[in-house]
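We name chains A, B, ... by the order of the sequence lines, and we start the count at 1 in each one. Because the structure is a prediction, the values reported are computed rather than measured.
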Amino acid sequence: MHDARVVAARILVLVPAGAWVLLAPAALSPYLLIIWCYALIFSIACLGLNLVFGTTGLLSLGHAAYFGAGAYAGAFLYRFADIHSFEVYFLVGILTSTLLAAGIGFLCVRATKIHFAILTLAFGQIFHSLFIDGAIFRLFGPLGWALYLVGEGSMYIPRLTILGIEFEPEEFIPAFYYVIVFAFCASVFLLWRINHSPFGKALRAIRDNQTRAVYIGIPVRQYRWYAFTISGVFLGLAGALYGQLDRQITPEQLDWLFSAELVLATVLGGTRDFIGPVLGAFVFIGLDEIAGRWAIGHNIMMGLLLMLVVFVFPRGLAGTLDLVPGIRKVGLLMKRKWL
Amino acid sequence: MLEVTQINTFRGPAHILHGLTLSVNEQEVVCLVGRNGAGKTTTIDSIMGLLPLRSGQIVFHGENITGLAAHMRARRGMGYAPEDCGIFPELTVEENLMISRWLANASGRVKEAAFTGSDAQERAFSVFPEVRTLTHREGLHLSGGQKKMVAIARAMTLSPSLLLLDEAFEGLAPAVVTRFIDAVIKIKEMGISILMAESNLANASRIADRLYAIDRGEIIFHGDPKEALKNEEVMKALRG
Amino acid sequence: MDEQKQVTRRDFLRQLGVTVGAAGLGATGIGATGYLAAPARAAMKPKGNIPSTPIKTGHITFLTGPAELLGGPGLRGHLLAAEEINAQGGILGKRKIETIQADEAAGTDANVKELRRMKLSEKIDLFTGVISSGNTPALGPVAEELKVLTMFNDGCTDFLFDKAVPNPKYVFRVTNIQSADGVTAAVGAAQHWPKARKIASIQPDYSYGRNVHEHFTLALERLTGGIEVVAEAWPKLFTTDFTPHITKLLSAKPDLLVVGLWGGDYVAFYKQALRYGLFDKMKVATTLAFGGVPHAVGKDHPEGVLAGVHANYHFLYPPGDQWPVNKKFVDTYHKRWKEYPSFESDGAYTTLMMYKAAVEKANQLTGGWPDDEAIIAMLEGMGYDSPAGYVYIRPDNHQGYKDAVTGLTKNLPEYDFPVWDPNSIVYIPIRSITAPPNWPKPGQGGNNESTAAADWIKKTWPKAKA
Amino acid sequence: MDILVLQILNSLFYASVLFLLAAGLSLIFGVMGIINMAHGSLYALGAYVTAWVITFAATAVHPAVLFLLLPAGALVVTAAGVVIEPVLLRPLYKRPEEYQLLITFGLLLVLEDVMRFVWGGTPLSASPLMDALGIVHVGEFVYPTYNLLVIAIGVFAALGVWAFVYRTRFGVMLRATSQDRRMASALGMNVGRVYVQAFGLGCFMAGLGGAIVVPSQAAVLGMGVEVLVLAFVVVVIGGLGSLEGALVGALIVSFVRTGVIQFYEELELAVLYLIAAAVLLVRPTGLFGRPQ
């Protein structure tokens, strides 16, 4: 039997949320809709990162590489295979980022703690410098080199067809929004399942006490590698969506400073609560939007915010919200096992 | 000289010590006996100031030192040798001792007694002459027994009035234990009090003037070592 | 000395219409075919109803970082124009100019987002600014899609209209194109140092540097013949330590070094090169030595260096006695900002003034506030007397053209920074160094070069006898 | 041949600056276990302060006096460090290490903007110092004497730091604290004070790096972040927490960079990261690092 309160809480939360999600394109101005889309995409990336960071306890400073790979792969495909289908672009992006994460992850999970952070940083920067230098573009011959010169490593991505439909400029974002929402819901669902599976529990066991995890028979390095690779899937997914939304991809999305932003948003939201990274991503994008108005002072604001979170909200926003009794209650009811 | 009253200590979320009370008098060897996990190390760490107290009070030489940082307690005359010896692995034995000598001189307490860190070190060497031959070795390359000796010698070099020894005999061969027991008695004769955490009641009863038995963070017995041996309940708790 | 070769080179330069020395100005100009808007003309009476809401312009430029040396003067030029226009009550006497600024140093991705925000959220009427040639190709297509009237005042890569936006409607660019930088430096070098054969090159490692290197070597080969590139150095943009690069250049013992570094990078480079005696060992031709604020380069800068100004404006030229527009601009600018204008100041100032002229002209034809279509129609083919001389916007590619100029550095007592030696200035009609309208773009009509200009030079320039 | 000498000098010059930076980073990590992300920004701060002081004083005083002002940047950065450690870092030692990374990253962001506000975008240089020393001849080429001074400062700093850490009372205490913080305090060492001193010393070295580099280059915005990544490469190669490692790492990075520029410039950055990654994979704690 359903507990009536559980049902009530779910209706209370999910119905308005669902209505808002469906109506957002009509309710928001074109610009705010774009920002809303960014926040959803950023959330996916932060959730993916948190599988490695919060759940497994490994701080990665190189996740920008998988995000960027997700967008770049499709951009090259469009340029050199002349494919205009978003679906193909999207899948190629995810596949590339997954393979890249599997490869780099295999090498990185040998290390832990600060050494892991620096190893991921080094690999991320190798990847970044290959784009900055144009080395990747040289692989694509004279046209690739010309592309590099046009954009200094940035690539333009046109409006692709979604399910075979070509959209006009004004219609495109509202239509693409539903793709993003779908991807967001799917990512939340999948990551939720992964987090609450025995595998997810094993990852937390590794995070909390590696030695004990070894004793109870968890193949630690292998599981870390799996977690890293899975997070690469979601980073690639987010990157591919980002490329199509922004309609370009630049080496800035590969740089360690972007990796640091992902970490920052995740910590802001809270790494120990499943929904923390989503909260963090939304707040981060919102603050970035506000701070962006001031041409200078943006960094100061972000820096001070970071310090504030570390000192005042050590468990992140999600952890802090959890201290509010009403919200805590609704949260618990939401988490109750779904029948 | 040391009065520990009703202290409660936590490690992370775990409540370890529950209202523990004990005392050490001048020129006395006191043993704290208990099983692994009974709270011995936590007691020693609480007295040394390495763990914060939730409540309770610690008085040393009539001064309330409850809120004092560890290094301030050391400067007031507490010497400490932990279970793992705490020898700095990449420092030579000489450098390990040097630190104590400097700090003994810097604390100001020894100056009043016209007694320097070097004097204190000489006194430690008289107890453990072996240490003198180890001075150029790095901490990393000492054997377990050598580490124990250096740890005690280093604590003595601080010229303390009270030595806190955590499992000083752990892992030593029976013959060596006897050697250490003699050393402890010698130290006591120099006028230094000792509070020792020990899991072996037999060893403890050989040296202790008084004995506390601890179980699950509470003192379950206090008194003469011989009485402890006779007390069924204590023996049961200590054996587990 | 082979007399024949000398004559050939001289003939060649004469054929290009190159003139040397301060007296050369005035005879040039590419023959206006469009509407000539002279700022000196008396203000026309606006027709129809003009709303009094302000004109919102978005201006993205470098406000911070090493490139602020270019961005700062640009912004000041823009603001000066806005102030002058607003002092007359605004455009058409009614609409004052409001400027929303953003920092280009935030990066390409952030700049694209900011342009979207400016259009969708702030509803700007006109987008201006942009210095980096990496940014205009990213911003151009977005501006076309957003249908926002855009007048870049720099970001001068040929690729913008060759490839990124091949058929522009909303996007214009007022400064010269990049390929002209390399070619201008080559013409200047051929004029002053005809015997240089061993060439070295130090360029920032991105598209501007690649472009300068390619066009300089291509043009110089045609002008003098028989050149050999003996060393190339490609420092990353915003490098601070150039000493290994400088040593590498010294090791190749070239006759002539071409430098495409700009802003803070050029300042750091020349100071380090000075201490390595580089300027004593080779002739140096730059594309942007005088590109920042004039006082960014100190009097320690060596004399006799070919100092390019990129978009063909140095505040002393055209001289005030020949071109009062410039004298007036320099005086008001100096009064307002306590410094001399750079080519970016002229570019940003002229951009806004040309917009104003186009609106006024369109208003005369249609009445009321003209829509973007009408303004665009007026801008296409517009000629304008700017402080830098005559500017013409070619209708086929929306690119502004003005004659190219460069000269050798000299320390004159009346300025605390080096300026051009008046006798060394080289003027080049712009038509002589850029591809004509409708020349095939790269990848089309047998053009396999990186720019239309490169293809045109390869196919039409004679080769000087080696 | 002369070119070889010049390139070696160039590499040593670069290595001197990198060593100061990386050794400070490594020292702070060794003692406190903190990766100071703001280290590059402190280096930039040192550069700006020195350039600013020297520009200000250049017209007023004799060049010889200007040299006394060279360490101004280092001193200001040290003062900043002595405030930063107790206020920002001390409350976090018990928290997981990512929080320490985050707080120093926040500090990096703040410092970058502070320098922007104070000094704006125009590069600041301190060339009077450079000019005062003139040049020396290397075969047919010349080399700025000031750069030799920088190399000398680098060598002196390396020796000085070595002697300081291995030959002084403070050095012994520093090493003891870095090896066992608990035991150090139980022996009566004021660990808090050792931390402030170590952090201050690390900052001093970063600031000195910035101060000595500025007369030959210029202080520009963004120089801190650029150099931070290089300093990471150095400490990763040499081993976090090791001074010998910082020295060897700085030499490797400088000579490799110069070599790549001379022969195959496109790979300048990628090669350095590749070396770092390769070292980490073979020896996760770097060439001279302590085992985990």
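If you measure heavy-atom distances from D:L88 to chain A, the contacts under 4.5 Å come from both the backbone and the side chain. Only the side chain of D:I35 has a heavy atom closer than 4.5 Å to any heavy atom of chain A. Looking at A:V310, the atoms closer than 4.5 Å to chain D (heavy atoms on both sides) sit in the backbone and in the side chain alike. Proximity to chain A (any heavy atom under 4.5 Å) is shown, for D:F105, by both the backbone and the side chain. Proximity to chain A (any heavy atom under 4.5 Å) is restricted, for D:L228, to the side chain, taken from C-beta onward. Heavy atoms closer than 4.5 Å to chain A are found in the side chain of D:V229, but not in its backbone. D:L92 touches chain A through its side chain: at least one heavy atom from C-beta onward sits under 4.5 Å away, while N, CA, C and O do not.
Between the side chains of A:H63 and A:S231, at least one donor N or O lies within less than 3.5 Å of an accepting N or O.
Counting only residues at least two apart or in different chains, ring pair (Phe, Tyr, Trp, His ring centres under 6.0 Å) contacts with residues 85-104 of chain D comprise D:Y93-D:Y195.
Just one residue in the list A:F127, A:F228, A:F258, A:F123 forms a ring-ring contact (aromatic ring centres under 6.0 Å, His included) with A:Y66, and that residue is A:F228.
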Please output the side-chain donor-acceptor pairs of residues 46-53 of chain A that fall under 3.5 Å, not counting sequence neighbours, one pair per line with the distance.
from  : atom 1 : to     : atom 2 : distance (Å)
A:N50 : OD1    : A:G54  : N      : 2.9
A:N50 : ND2    : A:T271 : O      : 3.0

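Taking the centre of each ring, A:W145 and A:F137 stay at or above the 6.0 Å mark.
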